[in-house]
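Beneath this line is the structure, given in structure tokens, with notes to follow.
Throughout, a chain's letter reflects where its sequence line sits, starting with A, and its residues are numbered from 1.
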Amino acid sequence: MKQADRAFPLPYYKINKNFTVQTYSEEAFKLWGNQENLLHIIDEESIEKVKKWISPDIHKSSVEAHLKPVNGGNDPLTADVYTTWNNDLYAEVILMMKDDKLNRVTKTLNQLRSRLNDTNFELLEEKEKLEEAIDQNNKLSAPFIELTLNTALIPLFGDITSDKFHTVEEGLLHASQKEDIDRLLFDFTAVGEIHREGIHVLTDMMTSLFYMGTEIIVIGVKPQQAKQLHELNLPLNVQFIHSLQQAVAKYCT
Amino acid sequence: MKILTKHHEKLAHYFLKGDEEEALVYIEQLLLEYPRLYLYEDIITPAMYFVGELWERNEISVADEHLATAICDFVLSKVEADTLSIRGDHQKRLKALLFGVEDEQHYIGLKMVAESFKEQGWRVRYLGPNLEMNHSLIQIHHYKPHVIGLSAALSYRLPTLKELVKEFLTLEWKPIIMIGGRMARKFELEELESDQVIIIKDLNHLNKWFNDGRAGVVNETS
């Protein structure tokens, strides 16, 4: 019966048309041991392909196929399978395992890709951190400071953007509902640029506060800002005072 | 098998030629005509299956397949970068973490899944293919996703997959575990399925899950 019949330098099988192994080379034995049938060493996803291309109808063929993992590996091996039929009954099959170099290139490419992915991922994490920092910064841009029992000061810091005021809106509305607070001083002294959408959110908030019965005073508006505010038609019921000093003198004595 | 439209064969042709420029132009044209889901599920996926088919027909080699995959990856990344992402207030608090199991090198499908989640306003961590189990656990504990998506193509990954699912079922915040990849189409994985474990056959299936409001069962505040 079957035996490693020659010291052939490559994995070699002689099979019949049912793929039953007749003889094999030592190299084949080293990789897959003693096999009854050639299909036993073929990866299941390649079986159809092998059946199609290794058949007495095709006298000579060369086909790429995946073979089952060997030596406890997890990945199928790729090989070129060369077949010649001696007659309708027997075929000689030689397996040329894919070059290690190709595998190395594939592996290196995979590593490069995963490194790119890691970098991408780190960037994403940094971006998320930054967004959190901006959010945190926004939250701290409009603190609510109670000056007297019924007057509170809200100094605004930085640019007036819609993101910022969406972030602080709820807290301010909530804080201004507190007991006796009925007057809010919005201090613009530390405001940088005013963005159109930002000021819309701010005026909406002021209107809400006004309906809740709060008096609204805006302090420290710079000339350039005054022009912008004018163009935006602020609600008329907002009062303006030049500086915080004047406001404190008027309301906190 | 699905009826083959010409689009995917043409696209497969560009992939195999290694012509990323033409592939991209072609995809961008298709995007004007079709929604992204259709493009992913009915053009790009069949194009890659078509590449596999050509290999079975002995017309191309494994090296050609690798090239096609690389071009497809590039095109997907480019399309992703050109898409406006949902940010800020409009982004949901829902989080998904996606990866391919250890040793698995197939990842194109997973990448499209990541995009589908993003399109729905989810926060997504896509960790790529071949992720070692310990590494995935560290990320999961750190990120606490509502959905963990696992992908595998080859049957050799089944033991790893089972082990991962078993491990993830012990997580105290009870994330939903989704299993996808070619394995989900080819093998009977029903035994793994439960209230918490879902087998996702394809992108249409995933989209149906979104549309059914099944994502609603995930508690946003957790």
Are any side-chain N or O atoms of [X] and backbone N or O atoms of [Y], one a donor and one an acceptor, separated by less than 3.5 Å?
X       : Y       : answer
K95(B)  : R125(B) : no
D202(B) : N204(B) : yes
N130(B) : Q105(B) : no

Side chains of residues 62-77 of chain B: which donor-acceptor pairs under 3.5 Å do they make with residues two or more places apart or in other chains?
from   : atom 1 : to      : atom 2 : distance (Å)
D64(B) : OD2    : S61(B)  : N      : 3.0
D64(B) : OD2    : S61(B)  : OG     : 3.3
T69(B) : OG1    : E65(B)  : O      : 2.8
D73(B) : OD1    : K111(B) : NZ     : 2.5
D73(B) : OD2    : Y107(B) : OH     : 2.9
S77(B) : OG     : D73(B)  : O      : 3.0
S77(B) : OG     : K111(B) : NZ     : 2.6

Tabulate, in ascending numerical order, the residues of residues 11-23 of chain B having at least one heavy atom closer than 4.5 Å to a heavy atom of chain A, or enter 'none'. none
Closest-packed option against chain B by number of heavy-atom pairs under 4.5 Å, given [options]:
options                 : answer
R113(A), E45(A), E44(A) : R113(A)
E64(A), K68(A), E48(A)  : E64(A)
E125(A), K98(A), K52(A) : E125(A)

Nearest 0.5 Å, what's the OH-CD distance between Y12(A) and E92(A)? 3.5 Å
As a test of understanding, state which of L150(B), L154(B), L161(B), V101(B) forms a side chain to side chain contact (heavy atoms under 4.5 Å, CB included) with M183(B). L161(B)
Of all residues at least two apart in sequence or in a different chain, which pass the side chain to side chain contact (heavy atoms under 4.5 Å, CB included) check with D82(B)? E28(B), K78(B)
Which pairs with one or both residues in residues 157-167 of chain B pass side chain to side chain donor-acceptor pair (under 3.5 Å), sequence neighbours excluded? D75(A)-R157(B), E104(B)-R157(B), K162(B)-E191(B)
Which portion of [X] sits near chain B, non-hydrogen atoms under 4.5 angstrom:
X       : answer
S114(A) : neither
E128(A) : side chain
N120(A) : neither
S62(A)  : backbone

Just checking, K49(A) and W55(B): is the charged tip under 6.0 Å from the six-membered ring centre and within 45° of the axis? yes
Side chain, backbone, both or neither: which part of E59(B) has an atom under 4.5 Å from a heavy atom of chain A? neither
Under 4.5 Å from a heavy atom of chain A, the part of L127(B) involved: both
The residue among E80(B), E115(B), E41(B) that forms salt bridge (Lys or Arg N to Asp or Glu O under 4.0 Å) with R36(B) is E115(B)
